[in-house]
Amino acid sequence: MSLRLYSTLTRKKEDFETIEPGKVRMYVCGPTVYDKAHIGHAMSAIVFDIVRRYLMYRGYEVTYVMNFTDVDDKIIKRANESGEDSFQLGERLIADYQQNLVDLNVLPASIHPRATQEIDGIIAMIEELIAKGAAYHANGDVYFRVDKDDDYGKLAHRNLDDMQAGARIEVNPHKENPMDFALWKTAKPGEPAWDSPWGKGRPGWHIECSAMNRRHLGDQIDIHGGGNDLIFPHHENEIAQTETITGKPFARYWMHNGMLQLNGEAMSKSTGNMIRIEEFLAEHDADVMRMMILNASYRGPLTYTDEVVAMAEKAIERLKSAFKPALPGAKGLPPAGADALTAQGEQTRANFIAAMDDDINTAGALGHLFELVKAINVTRDEGAQDEQLADAQAVLRELTEVLGLRLQDADKAGQGDAAKFIDLLVALRSEVRARKLFDLSDKIRGSLKELGVAIEDSREGSSWHFE
RNA sequence: GGCGACGUGGCCAAGUUGGACAAGGCAAGGGUCUGCAAAACCCUGAUCAUCGGUUCAAAUCCGAUCGUCGCCUCCA
């Protein structure tokens, strides 16, 4: 079995083969920083974090680029409203977003380029496009000439005639074709601007990604990702720009995640229909967000409801249950029993890989992990000792880390000095229980519960864990 | 109007290049354990939107119908 990925370009699952053996060049469109990021951005970041982690797990060396668009109409508008400098606004929101990514356990990108730091490369590409007759200068702006690109529309699978038939855009009299898009925009007073052969101005939205790709990853890349709302026009235009210049296929695999739905429609900063990442994380663990995504197919829409959040929360608890230690007083299992669990761990790893190889089928992969959870818990209930559970638990840990789950607090490690005091309280409570002072022992349990410590009694004794 | 996706048990959801058993999670009910609780474990449920067709065989292919949604305009 080998990895297969669905590509929007061919609308099929394709065998994954990299340009350079063993290496993956991957670019994911990051946010336009004019407002704090919402959990839809988190979904995209997490989806591609999982893809990246899995590629690494499969032995690839991954160069991962996620850009920031820090010059754009909306940023300028927002900055003008608040009186903040647009560069400062961008800077601040980039810092916020990077903190969001850390909090979400998204691995840092290899490179985080910004549009404003790529202006020279952008201008160079525009000049090349003009030289090739694929772009033209009109009234201070530069536009890409879509008629010149005979396979324009191949990513979104539509043709120019269809699009023009349904176009509702205002016709710009300077454009040769209404579908032509801006590569360079002439500066208006008070806007950030750079010198160029066409006067002071700033780049259009799509050219920056072409330029950043080219500079940091080269003419051809393996994976280009983003939300499926970017397929058209953004990614279509990236293809047009880059391929017109290089004459070579741009990205081998175009991957697009589905939209997170809230109140029946996609989250959007512009309509205010959103939950910010920091708002979500104030209420829930980052694992919960990730679990919601893992339980669904990354390409389809994901509906955000309180019920889905609650289910994800419980599912995380269930995964954690497998890491609980042996029962107090466990007598151990005959070797055959322990070996069976170890074998099941190996089987789980194979099943996990088979699922993930099939276009990152996380929901299927999760199913296999839960099967292992059950096996571990059954074996524990049968009296296995810690060492007899260890191999299977190690596999589970390995695979949940591939998915980017932290599953912290599953044991007492790292909780510092509190543990020994809690041990003491639990031991005292056991004495109290032995004397059948149940109202007092329940009070201890209840008080600890409020502090986030759950006690579980069994015949052989009591254990506890942080919640 | 154009392009596209989807409809699996109460909820989320895998499986959909036809072929054993329709994974898994949540919720619910019954049970084991327990002073109680919690956890864990055991048991219980769907013929796959509807209709028709192809086939030895269909959730999986074809057609129709109904319904939901996305994109075509800034958006992960």
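Using a 4.0 Å cutoff on non-hydrogen atoms, no part of residues 101-112 of chain A comes near RNA chain B. Remark: Lys374(A), Asn377(A), Val378(A), Asp381(A) in residues 373-392 of chain A come within less than 4.0 Å of RNA chain B through at least one heavy atom. A heavy-atom distance below 4.0 Å to RNA chain B is reached by these residues of residues 436-451 of chain A, ordered by number: Phe438(A), Ser441(A), Asp442(A), Arg445(A).
Salt-bridge check for Glu91(A) with Arg114(A): passed, with a basic side-chain N closer than 4.0 Å to an acidic carboxylate O. Salt-bridge check for Arg276(A) with Asp35(A): passed, with a basic side-chain N closer than 4.0 Å to an acidic carboxylate O. Using a 4.0 Å cut-off between charged nitrogen and carboxylate oxygen, Asp442(A) and Arg445(A) count as a salt-bridge pair.
Of the C1' atoms belonging to U32(B) and G70(B), the separation is 49 Å, rounded to the nearest Å.
Not counting sequence neighbours, the partners of Asp73(A) by the side chain to side chain contact (heavy atoms under 4.5 Å, CB included) test are Lys185(A), Arg202(A). Legend: residues meeting side chain to side chain contact (heavy atoms under 4.5 Å, CB included) with Arg459(A), ordered by chain and number and at least two apart, are absent. By the ring pair (Phe, Tyr, Trp, His ring centres under 6.0 Å) test, Phe370(A) pairs with no residue at all, sequence neighbours left out.
For Arg11(A), the side-chain atoms get nearest to C3(B) when compared with the rest of C3(B), C74(B), C33(B). In the set A40(B), G2(B), A76(B), the nucleotide with an atom closest to the side chain of His38(A) is A76(B).
Counting atom types as modelled, Asn361(A) pairs no side-chain N or O with a base atom of G15(B) as donor and acceptor under 3.5 Å. With hydrogens and angles ignored, no donor-acceptor pair closer than 3.5 Å exists between the side chain of Asp73(A) and the base of C74(B).
The residue among Glu307(A) and Gly30(A) whose nearest nucleotide of RNA chain B lies closer to the 5′ end is Glu307(A).
Taking the six-membered ring where tryptophan is involved, the planes of Trp254(A) and His224(A) are essentially parallel, since the angle between them stays under 30° and well short of 60°. Between Phe68(A) and Tyr97(A), the ring planes are perpendicular. Angles over 60° get that label, and only those under 30° would be called parallel.
At the heavy-atom level, Gly225(A) lies nowhere under 4.0 Å from the strands shown.
For the residue pair Tyr57(A) and Glu401(A), no side-chain donor N or O sits within less than 3.5 Å of a side-chain acceptor on the partner.
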